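Written below as structure tokens is the structure these notes are about.
None of these values were measured; they are calculated from a predicted model.
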Amino acid sequence: MGIIETVILLSLWTYQGEERKVEGWYHQDNIGACLKAKRYAEKNAGKTNKYTCSIEQCVMTTDQTGVKHCDKIINE
């Protein structure tokens, strides 16, 4: 079990018709880094993908290399 933290996430959403589904999210250090990554991803992504930056509460774990990951978003 990880630690619950409030973090900034860059989320990847895909669209299949009218259905919207989150495919993944990526922990960012700050809102500026998130917005920069979002602009880059949107420039290089197809039209069926959308990216959002948001502040979320996540269960965070650290992998073997010392990198933090959001394992689960906690919706209150």
Could you tell me which residues satisfy side-chain hydrogen bond (donor to acceptor under 3.5 Å, both in side chains) with Thr65, sequence neighbours excluded, listed by chain and number? Asp63
With sequence neighbours left out, the residues meeting side-chain hydrogen bond (donor to acceptor under 3.5 Å, both in side chains) with Glu42 are none
Pairs under 3.5 angstrom only: tabulate donor-acceptor contacts from the side chains of residues 22-36 to other protein residues two or more places apart or in another chain.
{"residue": "Glu23", "atom": "OE2", "partner": "Thr14", "partner atom": "OG1", "Å": "3.3"}
{"residue": "Trp25", "atom": "NE1", "partner": "Cys70", "partner atom": "O", "Å": "2.9"}
{"residue": "Asn30", "atom": "OD1", "partner": "Gly32", "partner atom": "N", "Å": "3.1"}
{"residue": "Asn30", "atom": "OD1", "partner": "Ala33", "partner atom": "N", "Å": "2.7"}

Sequence neighbours excluded - salt bridge (Lys or Arg N to Asp or Glu O under 4.0 Å) pairs with any residue from residues 51-60: none
Sequence neighbours excluded, which residues qualify as side-chain hydrogen bond (donor to acceptor under 3.5 Å, both in side chains) partners of Asp71? Thr61
Sorted by chain and number, sequence neighbours left out, side-chain contact (heavy atoms from CB on, under 4.5 Å) with Lys72 holds for Val59
First locate atom NZ of Lys38, then atom CG of Leu10, and finally report the distance between them rounded to the nearest 0.5 Å. 8.5 Å
How long is the straight-line distance from CG of Asn49 back to CG of Leu12, given to the nearest 0.5 Å? 5.0 Å
Partners of Glu5 by salt bridge (Lys or Arg N to Asp or Glu O under 4.0 Å), sequence neighbours excluded? Lys68
Only counting residues at least two apart or in another chain, list the ones meeting side-chain hydrogen bond (donor to acceptor under 3.5 Å, both in side chains) with Lys50. none
Taking OH in Tyr15 as the centre, count heavy atoms belonging to other residues, nucleotides or ligands within less than 6.0 Å. Is the count above 12? yes
Please report the interatomic distance CD1(Ile73) to CG(Leu9), rounded to the nearest 0.5 Å. 5.0 Å
